[in-house]
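See structure below.
None of the values given here were measured: they were computed from a predicted structure.
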Amino acid sequence: MATIDTPLKISARGTGHAPARAPRARRGRRGSRLWVKIVVALLLVVEIYPMVWMFLTSLKSNDDYLNNSTWSLPTTWEWGNYTEAWTTGNIGLYVQNSVLAVVPALALMLLLGTAAGFALQVMVWKGRNLTLLVFLAGMMVPPQMILLPLFTVYFQTGLSGTLWPLILTYTGTGLPLTVFMMATYYRSVPRELFEAATIDGAGILRAFWTISLPLVRNALLTVGLVQFFFIWNDLLIALTFTNNQDLRTIQVGLLNFTGDFGATQYGPLFAAICINVFGTLLIYLFLNQKVMKGLTSGALKG
C-alpha cells in the first residue's frame, strides 16, 4: 500500500542530526549559566564577607581582638560595644552633626544644580555652552587646593565654629557634577512639553516647577544619592573646618576611638563603623529601584 511522504516524515529525515545538536546546545547554555553563577557567587563573597567580618569584630573585646586570630569568632559577644560607641564615643552627636551638614548642603546643591541644568539645556540664550564648560572646569579643581583660601575666608567672616563652612563647601564642590548630570538628564525631556506649556501661557518658573521637576524626579533622586555618599563619607573637608569637638561629623568622630599613645578601642570602633556603614546601606537598599530608573532615564532621547 502506497504511503504519502508527509511533511512530518520529511522533516524527520531532513533533520536527522538535530537531536544530536540540541542536547549539545543545551549543555553549552548550561555551562555558560554555571560560569555566570560562579562569578556572581564570588562577587557576593567579596562584597558580603568584609561586612560580616566587620560585624563580628564589633562584638569582640579588646583582648579578644589582640590575642586571638583576626578571623576567629568572638569568645564573648560584647553587645555593649554598640552602647559604648553611642554614648562614650558620642556617635549619636556625630551622626546628628553629619545630618545637619549634609541635608542642607544636599538640598542647596540639588536646587541650584537642577535650576542650572534647566537653564543650560532647555532655555536658549547666548553663551550657555561656554557656561557649561565653566561648570565642567570646576570638576577638575582638586579640593585640596581650595581648603586654605576657604579657611581664611570663613575665619575672617566669622563662620568658623559653626557648620556653615561644611554646608557651603559641600554645596560648592558638588555643584559642577550636579549641573553636568542634570543637564544631561534634561536632554531626554521632550521639548514639545515646554513648547505646549509656553503656548498655554506658562512662564519659565512655572515650566520649571510644575513640568520639569516631576519629569526628572528619578534623576534628582539618583544624583542626590550619589552626592549624599560623597558628602557623608568626606573626611578631609570636615577635618579641616571643624575646630570644635561638638561639631565633628561621624567620619571625623571615628578618630576619637584612638586614644593617647595610639591605643585603640577596637570593639567600639568597629561598632561605630557598623552603625555608619549599615545605616547608609539601608538607605541605598530602600532607594535601589529609584536609582536604577534614574540611571537609565537619561540614556534615551525622549
Going by side-chain heavy atoms closer than 4.5 Å, which hydrophobic residues are tied to Val39, directly or by a chain of links?
Leu43
Is the gap between the ring centers of Trp53 and Phe270 under 6.0 Å?
yes
Check: Ile283 and Trp232 side chains under 4.5 Å, non-hydrogen atoms:
no
Contact summary for Phe151 and Thr240, nearest pair of heavy atoms
CE1-O, 3.8 Å
Just verifying a value: how many Å separate Leu281 CG and Asn276 CG, rounded to the nearest 0.5 Å?
11.0 Å
Approximate separation, where rounding is to 0.5 Å, of Thr57 OG1 and Trp71 CH2
8.5 Å
Tell me the closest heavy-atom pair linking Thr249 and Ala238, and the distance in Å.
OG1-CB, 3.4 Å
Look at the aromatic rings of Tyr82 and Phe55 and report parallel, tilted or perpendicular, splitting at 30° and 60°.
tilted
Is there a path of hydrophobic side-chain contacts, each under 4.5 Å between heavy atoms, that joins Leu148 and Leu159?
no
When you group the ILVMFWY residues by side-chain heavy-atom contacts below 4.5 Å and let the links chain together, are Ile48 and Leu59 in the same group?
yes
Interatomic distance, NZ@Lys37 vs CG@Leu44, rounded to 0.5 Å, equals 13.5 Å
Less than 4.5 Å apart, any side-chain heavy atom of Leu133 and any of Asn129?
no
ILVMFWY network linking Met140 to Phe135, side-chain heavy atoms under 4.5 angstrom:
no
For Trp209, does the CH2 atom sit with more than 12 other heavy atoms under 6.0 Å from it, leaving out its own atoms?
no
Please assess Thr162 against Phe241 for the test side chain to side chain contact (heavy atoms under 4.5 Å, CB included), listing each intermediate value before the final yes or no.
CA-CA 9 Å; Thr162 65; Phe241 296 122; over 6 Å; no
Could you check if a side-chain atom of Val189 sits within less than 4.5 angstrom of a side-chain atom of Val122, using non-hydrogen atoms only?
no
Check whether any side-chain N or O of Arg217 sits under 3.5 Å from a backbone N or O of Pro214 as a donor-acceptor pair, and report yes or no.
yes
Gln121 and Ala183 have their tightest heavy-atom pair at CG-O, 3.4 Å
Acceptor/donor pairs from residues 97-104 side chains to any protein atom, 3.5 angstrom cut, sequence neighbours excluded:
| unit_1 | atom_1 | unit_2 | atom_2 | d |
| --- | --- | --- | --- | --- |
| Asn97 | ND2 | Leu93 | O | 3.4 |
| Asn97 | ND2 | Asp246 | O | 2.8 |
| Asn97 | ND2 | Arg248 | O | 2.9 |
| Ser98 | OG | Tyr94 | O | 3.1 |
| Ser98 | OG | Ile250 | N | 2.9 |

If you take all heavy atoms of Leu254 and Ile91, which pair is closest and at what distance?
CD2-CD1, 4.3 Å
Which residue pairs pass the side-chain hydrogen bond (donor to acceptor under 3.5 Å, both in side chains) test with at least one member in residues 167-183, sequence neighbours excluded?
Tyr154-Thr169, Tyr170-Asp234, Thr178-Gln227
Looking at OG1 of Thr184 and CE of Met181, how far apart are the two atoms once the value is rounded to the nearest 0.5 Å?
7.5 Å
Phe230 atom CZ: more than 12 heavy-atom contacts under 6.0 Å:
no
Heavy-atom closest contact (Leu247 atom, Leu163 atom, distance):
O-CD2, 3.8 Å
Sub-4.5 Å side-chain heavy-atom contact between Phe228 and Thr280
yes
Rounded distance [0.5 Å steps], CE in Met54 versus CD1 in Ile273:
7.0 Å
Using the rule that Ile, Leu, Val, Met, Phe, Trp and Tyr join whenever any side-chain heavy atoms are under 4.5 Å apart, tell me whether Phe180 and Val134 fall into a single cluster.
no
Give a yes or no on whether Met51 and Phe286 share a hydrophobic cluster (residues Ile, Leu, Val, Met, Phe, Trp, Tyr; joining criterion: side-chain heavy atoms under 4.5 Å apart).
yes
Please give me the minimum heavy-atom distance between Gly267 and Asn62, naming the atom from each residue.
N-OD1, 4.4 Å
Could you check whether atom CZ of Phe278 has more than 12 heavy atoms from other residues, nucleotides or ligands sitting under 6.0 Å from it?
yes
Atom pair CG (Leu150) and CG (Leu168), whose distance is rounded to the nearest 0.5 Å
9.0 Å
I'd like to know whether Asn68 forms a side chain to side chain donor-acceptor pair (under 3.5 Å) with Asp64, so could you lay out the CA-CA distance, the side-chain angles of the two residues, the decisive distance to 0.1 Å, and finally the verdict.
CA-CA 6 Å; Asn68 295 334; Asp64 194 6; 2.3 Å; yes
With no hydrogens and no angle check, just 3.5 Å: does a side-chain donor-acceptor pair link Ser58 and Asn81?
no
For a 4.5 angstrom cut-off between non-hydrogen side-chain atoms, does Leu66 reach Tyr266?
yes
With a 4.5 Å limit on heavy-atom distance, are the side chains of Ser160 and Asn243 in contact?
yes
Are the aromatic rings of Tyr186 and Phe118 close, with centres under 6.0 Å apart?
yes
